[in-house]
Peer 1: 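Structure below; questions to follow.
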There are 2 protein chains.
Amino acid sequence: MEKNTATTIFESLSSGLRLDVYRLLVRKGTEGMVAGEIASTLDVPPTNLSFHLKALTQAGMLTVEAEGRFQRYRANLPLMLDLIAYLTEECCSGHPEQCADMRAASKCPDAVLPPFSSTPQTSEK
Amino acid sequence: MEKNTATTIFESLSSGLRLDVYRLLVRKGTEGMVAGEIASTLDVPPTNLSFHLKALTQAGMLTVEAEGRFQRYRANLPLMLDLIAYLTEECCSGHPEQCADMRAASKCPDAVLPPFSSTPQTSEK
DNA sequence: TGAATAATACAACAATAGTTGAAATAACAA
DNA sequence: TTGTTATTTCAACTATTGTTGTATTATTCA
């Protein structure tokens, strides 16, 4: 993953409203929601929502599909998993026992750090 | 996790420089680095780095420990794992088969979505 | 003690992001 | 066709963030 891709993703989730949108769509899964439905659910002006949907979509966090005059948005979960892999790339490089310690300290020990659990990731700097 | 915690974390990683700092420290593991070492490695003015270290530390992404007149910074990996759990909370609520599909679409299929892995494995439907 | 070093705080300015209402575009329905 | 609905684009304004140099605090060492 490119560094710019990662920062754009983080930027896209750094607003409370955009985070609400993304999490709402994660819950909806493959069904997704159309723009107006999202706007009324979160009680934001359509023009403002459109601004944030654009940011999320350009970051790749959402996909959009036209349905007549509606636009259906869905969360792009695979991209999130790729981001996680990028973040933990070369974690504790050369010292896997440290990774195990940190993992155990999480409230969610079932979350597997990709480079620790499996084949080494290719580092693209 | 509080929503404000999550947006502050994303905000803290939305700058290219702060992302460089975080990833550098993830690689260093429990050893960490002192501020001046980070500044010279990334070639940024100390005053500017200090600004960004403060943001990352206030977001909880870094810990800091005084060593005489040095300040040693380390990445807080457990918080990242908690963030992942928060993001994928209630993913595809009620439709685990969708989660499996999305997971398979990732470049990193070994990355386990926490709420999916802790969901009862007995599939009905 | 006094000089040197590590790091942060402050102030000023430059740059970017967020919100809103009005207007434009495009699809549907009567 | 004409009117209605869904969504986006645009322009203006407000608010926030990023960078830099200087000053300050605190620690080490001669």
Side-chain angles (χ1 to χ4, degrees), chain A residues 3-25 28 31-76, chain B residues 3-25 28 31-76:
Chain A
K3 186 171 100 176
N4 282 348
T5 306
T7 54
T8 305
I9 292 172
F10 288 125
E11 161 67 29
S12 78
L13 294 176
S14 68
S15 130
L17 178 49
R18 287 195 296 265
L19 183 57
D20 285 340
V21 170
Y22 179 73
R23 281 176 28 99
L24 178 60
L25 290 173
K28 284 286 177 173
E31 182 194 349
M33 290 174 86
V34 298
E37 197 183 354
I38 301 170
S40 59
T41 300
L42 299 179
D43 194 30
V44 288
T47 184
N48 190 13
L49 180 70
S50 187
F51 171 84
H52 292 294
L53 286 174
K54 187 179 174 185
L56 283 162
T57 304
Q58 285 180 345
M61 296 305 287
L62 303 184
T63 61
V64 58
E65 184 186 8
E67 283 181 7
R69 61 185 151 164
F70 299 86
Q71 300 286 315
R72 183 166 297 270
Y73 287 88
R74 295 183 180 89
N76 180 5
Chain B
K3 187 172 98 174
N4 281 348
T5 307
T7 55
T8 304
I9 292 172
F10 288 125
E11 162 68 28
S12 78
L13 294 175
S14 68
S15 132
L17 178 49
R18 287 195 296 264
L19 184 56
D20 285 340
V21 170
Y22 180 73
R23 279 173 31 95
L24 178 60
L25 290 174
K28 285 287 176 171
E31 181 193 352
M33 289 175 86
V34 299
E37 197 183 354
I38 301 170
S40 58
T41 300
L42 300 178
D43 194 29
V44 288
T47 183
N48 190 13
L49 179 70
S50 187
F51 172 84
H52 292 294
L53 287 174
K54 187 179 173 184
L56 283 161
T57 304
Q58 285 180 344
M61 296 305 287
L62 303 184
T63 61
V64 58
E65 184 186 8
E67 283 181 8
R69 59 183 153 167
F70 298 88
Q71 299 285 315
R72 182 166 298 270
Y73 288 88
R74 296 183 179 88
N76 179 5

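Chain identifiers are assigned alphabetically (A, B, ...) following the order of the sequence lines, protein sequences preceding nucleic acid strands; residue numbering begins at 1 within each chain.
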Peer 1: Rounded to whole angstrom units, what separation is found between the CG atom of L53(A) and the P atom of dG18(C)?
Peer 2: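 Roughly 13 Å, once rounded to whole Å.
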Peer 1: Rounded to whole Å, please give me the gap between CZ in R72(B) and C1' in dT8(C).
Peer 2: 18 Å
Peer 1: Let me know the distance between CG of L62(A) and P of dT8(D), rounded to the nearest Å.
Peer 2: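 Result: 11 Å.
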Peer 1: Please confirm whether any donor atom in the side chain of T47(B) sits under 3.5 Å from an acceptor in the base of dA9(C), or the reverse.
Peer 2: yes
Peer 1: Want to settle it: does Y73(B) or R18(A) sit nearer the 5' end of DNA chain C, counting the closest nucleotide to each?
Peer 2: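 In this pair, the answer is Y73(B).
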Peer 1: Given atom NZ of K54(A) and atom P of dT25(C), what is their separation to the nearest angstrom?
Peer 2: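 Result: 15 Å.
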Peer 1: With E65(B), which residues qualify under side chain to side chain donor-acceptor pair (under 3.5 Å), at least two apart?
Peer 2: R74(B)
Peer 1: Give a yes/no on whether any side-chain N or O of H52(B) is located under 4.0 angstrom from OP1 or OP2 of dT19(D).
Peer 2: yes
Peer 1: Taking for each residue the nucleotide of DNA chain C bearing the nearest heavy atom, is the 5' side occupied by E67(A) or by S15(A)?
Peer 2: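 With E67(A) and S15(A) compared, the 5'-side residue is S15(A).
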Peer 1: Counting heavy atoms from C-beta on, name the nucleotide in dT9(D), dA7(C), dT17(D) closest to the side chain of F70(B).
Peer 2: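 The listed nucleotide nearest to F70(B)'s side chain is dA7(C).
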Peer 1: Verify, without hydrogens or angle tests, whether S50(A) (side chain) and T47(A) (backbone) share a donor-acceptor contact under 3.5 angstrom.
Peer 2: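 No, the answer is negative, given that no donor and acceptor are paired below the 3.5 Å cut-off.
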Peer 1: Which part of the nucleic acid, if any, lies within reach of P46(B) when heavy atoms closer than 4.0 Å are counted: base, sugar-phosphate only, or nothing?
Peer 2: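 Counting heavy atoms under 4.0 Å across all strands, the contact made by P46(B) includes a base.
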Peer 1: With T7(A) as reference, evaluate L19(B), L13(B), L17(B) under the side-chain contact (heavy atoms from CB on, under 4.5 Å) test and give the passing residue.
Peer 2: L19(B)
Peer 1: Nearest whole Å is fine: how far is dG21(D) C1' from L49(B) CG?
Peer 2: 16 Å
Peer 1: Output yes when a side-chain donor or acceptor of S40(A) lies under 3.5 Å from a complementary backbone atom of G36(A), and no otherwise.
Peer 2: yes
Peer 1: Any N or O donor-acceptor pair under 3.5 Å from the base of dT28(D) to the side chain of R69(B)?
Peer 2: no
Peer 1: How many whole angstroms separate atom CG of N48(B) from atom C1' of dA9(C)?
Peer 2: 14 Å
Peer 1: Using modelled atom types only, decide if a donor and an acceptor are shared between the side chain of R72(B) and the backbone of T63(B) within a distance under 3.5 Å.
Peer 2: no
Peer 1: From CZ of F51(B) over to C1' of dT16(D), roughly how many Å is that when rounded to an integer?
Peer 2: 10 Å
Peer 1: Starting from P on dT17(D), measure out to CG on L19(B) and report it in whole angstrom.
Peer 2: 18 Å
